[in-house]
Amino acid sequence: MIQALRGTRDILPEEVGYWQLIEQTAREILTKAVYQEIRVPIFEQTSLFERGIGEATDVVGKEMYTFTSRGGKTSITLRPEGTAGVVRSYIQNKLHAQGGVQRLWYTGAMFRYERPQAGRQRQFHQIGLELIGSDAPRADVEAIAVATEILQALGLKNLSLDINSVGRGEDRQKYKEALVAYLEPYKAELDEDSRDRLTRNPLRILDSKDRKTQEIAQDAPKIIDSLSDSSKRHFDTVLNLLTDLGIDYQIDHCLVRGLDYYTHTAFEIKSNDLGAQATVCGGGRYDGLVAELGGPDTQAIGWAMGMERLVLLLQQLTESPVNTPDFYLVSRGAVAEAQALLLSQKLRQTGFTVELDLSSSAFGKQFKRADRSGAVACLVLGDAEADNKTVNLKWLASGEQKAIAQAELLGMTEELKTRIAELRQ
RNA sequence: GCGAGCGUAGCCAAGUGGUUAAGGCAGUGGUUUGUGGUACCACCAUUCGCGGGUUCGAGCCCCGUCGUUCGCCCCA
């Protein structure tokens, strides 16, 4: 038997309602904030991610699905995240020439070669937002606010917003030096990974889960103290505006995100109800990325949410929304079955959901299936009804039924809709 | 890449070396060939992920392998 590859999975009908709910909710809120959907390719030239995300990052270093195109010349990579592709498109299509800011959002599959675990897969799905062309602190807060609105609209609880500023390039360089200077004397006591990172990517040491390393990191210099005045002012303004909007946050001095392009604001929204992979939404400002990828000097901020993780949370809260029919059509006998088929189509055209039993089996069997389908009402068509063009309308909850002309049934749409809506309560 | 747990039917499972592999859900047929939800009856794994080994005998023990889950790393 051929199975789905490790780290990929099927989203079956019983689960897909959650996905549709998330997509629909996000789409509504994003649309109200006048974000426009953008759809970009699922694979790109490898160098886009190498330059955009950073060669030293884990994502680029060991997690990308990279292959050579058939011609043998181009190195191609399945996108491991959404921002790089959107920014490439922004530059290539000269969206900056339209002036002002671009408010964009996207959704789709991302790919990273990692060991699967709870809330982590090799093919996973994100919904993300990019607000390109503003360096205003209000942009940071708008982006975060839209994220929290979506999460709130989904009814998710126990979420917390962690935020930090990683400053701009110069700030970070200065901080890196201070941090390395502080850590150097403790080198022997750090865990192995952190020792490696001392030269390669010292900021990430702050994030280590090793006990001893955490203790040492506690007293390390804070990045905030290395920020320039303007960077500090930006961060303070963002925090004040969050407070104005009533959005709670914790400053996490150790929050350093794994992609190189982040500047200034970095944030994560986490849940207590997930396993080790607790981040539901992550993002930040990326003021240097557009220029780095060959576009004009342009500031921007964005985030991405992990759809699988949202689904995990929703599953804890609600039953999967299911599509149950208004009518289940029971029929038997050649003429009756043909009429039932036609009737099902006409009912659909007037706005009902209709399931047609295709079995020709005994009425008893068909009623049993009608029950299981969760239908509100049954329409019964046998030889007798077929002869005089009637149909038996049976309300399944009460068992009440009556014969009615097919033409008449099709004319009482509003009355039926009201009745069905009542019975669905 | 590293560590730990788990693989018995479509799903949930009992079973810890000794004849025929419990049970439940779902499914199919029937009691009931023009009326469902309840009830009752029947059917539904020659086989326990796969390969090898130990043994008179293996779902059960051992080795390998594949899959899966959780964790490390990293991130959504």
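Because the structure is predicted, anything quoted here is derived from the model rather than measured. Letters go in sequence order (proteins before strands), and every chain restarts at 1.
Tested against Glu308(A), the residues Gln126(A), Gln123(A), His125(A), Gln277(A) include a single side-chain hydrogen bond (donor to acceptor under 3.5 Å, both in side chains) partner, His125(A). Tyr35(A) pairs with exactly one of Glu130(A), Arg27(A), Glu142(A) by the side-chain hydrogen bond (donor to acceptor under 3.5 Å, both in side chains) rule, that one being Glu142(A).
If you check every strand for non-hydrogen atoms under 4.0 Å, Gln121(A) touches a base. Contact annotation for Gly399(A): base contact, defined as any heavy-atom pair under 4.0 Å involving a base atom. As judged by a 4.0 angstrom heavy-atom cut-off over every strand, Gly128(A) is placed among residues making no nucleic acid contact. Among the atoms of the strands shown, only primed sugar atoms or phosphate atoms (P, OP1, OP2) are found under 4.0 Å from some heavy atom of Ala118(A). Residue contacts for Gly382(A): at a heavy-atom cut-off of 4.0 Å it reaches a base atom on one of the strands shown. Nucleic acid contact for Cys378(A): none, since no nucleic acid atom lies under 4.0 Å from a heavy atom of the residue.
For Glu337(A) and G34(B), the CD to P distance is 13 Å, given to the nearest whole Å. Distance CG (Leu5(A)) to P (C66(B)): 15 Å, rounded to an integer number of Å. Rounded to whole Å, the distance from CE on Met64(A) to P on A76(B) is 15 Å. Atom CZ of Arg122(A) is separated from atom P of U69(B) by 11 Å (rounded to the nearest Å). U68(B) atom C1' lies 13 Å from atom CZ of Arg9(A), rounded to whole Å. With rounding to whole Å, Gln3(A) atom CD is found 6 Å from G67(B) atom C1'. Rounded to whole angstrom, the span from the CD atom of Gln277(A) across to the P atom of U69(B) amounts to 13 Å. For Lys365(A) and U28(B), the NZ to P distance is 8 Å, given to the nearest whole Å.
Nearest to the side-chain atoms of Lys62(A) among the listed nucleotides C73(B), A76(B), U35(B) stands C73(B). Here the side chain of Tyr113(A) is nearest to one of G27(B), G71(B), G1(B), namely G1(B). Side-chain proximity of Lys368(A) to the nucleotides A76(B), G36(B), G1(B) is greatest for G36(B). Among the nucleotides C73(B), G1(B), A76(B), the one closest to the side chain of Asp58(A) is C73(B). Residue Arg115(A) has its side chain nearest to G3(B) when only G3(B), A76(B), G36(B) are considered. The side chain of Ala304(A) has A76(B) as its nearest neighbour among A76(B), C72(B), G34(B).
With both ends at atom P, the span from G3(B) to A26(B) equals 43 Å, rounded to whole Å. Going from the C1' atom of A21(B) to that of U68(B) covers 24 Å, rounded to whole Å. Annotation: C40(B) and U8(B) have their C1' atoms spaced 29 Å apart (nearest Å). One P atom belongs to C50(B), the other to G36(B), and the distance between them is 44 Å to the nearest Å. Nucleotides C44(B) and C62(B) are separated by 35 Å at their C1' atoms, to the nearest Å. G59(B) and G49(B): their P atoms are spaced 10 Å apart (whole Å). As rounded to the nearest Å, U19(B) and U47(B) have C1' atoms that lie 16 Å from one another. Between U32(B) and G37(B), the two P atoms lie 14 Å apart (nearest whole Å).
Ranked by how close their nearest RNA chain B nucleotide is to the 5' end, Lys270(A) and Asp371(A) are led by Asp371(A). Summary of the strand contacts: Ser398(A) and Met307(A) both lie near RNA chain B, and taking for each the nucleotide with the nearest heavy atom, the more 5' one is attributed to Ser398(A).
The base-pairing partner of G71(B), taking Watson-Crick or G-U wobble contacts with both distances under 3.5 Å, is C2(B). U16(B) is unpaired under the Watson-Crick or G-U wobble criterion, no partner having all donor-acceptor distances under 3.5 Å. Within the shown strands, G49(B) is the pairing partner of U65(B) under the Watson-Crick or G-U definition, both distances less than 3.5 Å. A 3.5 Å limit on both hydrogen-bonding distances identifies no Watson-Crick or G-U partner for A9(B). For G36(B), there is no paired base (Watson-Crick or G-U wobble, both distances below 3.5 Å).
For Gln401(A) and U35(B), a side-chain-to-base donor-acceptor distance below 3.5 Å is present, hydrogens and geometry of angles not being considered. Taking only distance into account, the side chain of Lys394(A) meets the base of G36(B) through a donor-acceptor pair shorter than 3.5 Å. Counting distance only, with no hydrogens placed and no angle test, the side-chain atoms of Glu385(A) and the base atoms of G34(B) include a donor-acceptor pair under 3.5 Å.
For the pair Lys62(A) and Tyr113(A), the cation-pi criterion (under 6.0 Å, within 45° of the ring axis) is not fulfilled. The cationic group of Lys346(A) does not satisfy the cation-pi geometry with Phe352(A), failing either the under 6.0 Å distance to the six-membered ring centre or the 45° limit from the ring axis.
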| message | Using the rule given for side chain to side chain donor-acceptor pair (under 3.5 Å), can you reason through Thr107(A) versus Glu23(A), listing the C-alpha separation, both sets of side-chain angles and the distance that settles it, and then say yes or no? | response | CA-CA 8 Å; Thr107(A) 182; Glu23(A) 285 157 10; 5.3 Å; no
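By the neighbour-count criterion of 12 heavy atoms within 6.0 Å, atom OH of Tyr65(A) is densely surrounded, having more than that number from other residues, nucleotides or ligands.
Put simply, Arg120(A) has no side-chain N or O that comes within less than 4.0 Å of OP1 or OP2 on G71(B). OP1 or OP2 of G71(B) sits under 4.0 Å from a side-chain N or O of Gln117(A). The side chain of Arg6(A) contributes an N or O atom lying less than 4.0 Å from OP1 or OP2 of U68(B).
A donor-acceptor pair under 3.5 Å links the side-chain atoms of Asp171(A) to the main chain of Arg168(A), judged by distance alone. Formation of a donor-acceptor pair under 3.5 Å by the Glu44(A) side chain with backbone atoms of Ile76(A) is not found in this model. For Ser89(A) (side chain) and Gly85(A) (main-chain N/O), no donor-acceptor pair under 3.5 Å exists by modelled atom type.
Where stacking is scored as ring centres under 5.5 Å apart with planes under 30°, Phe367(A) does not register as stacked on the base of G37(B).
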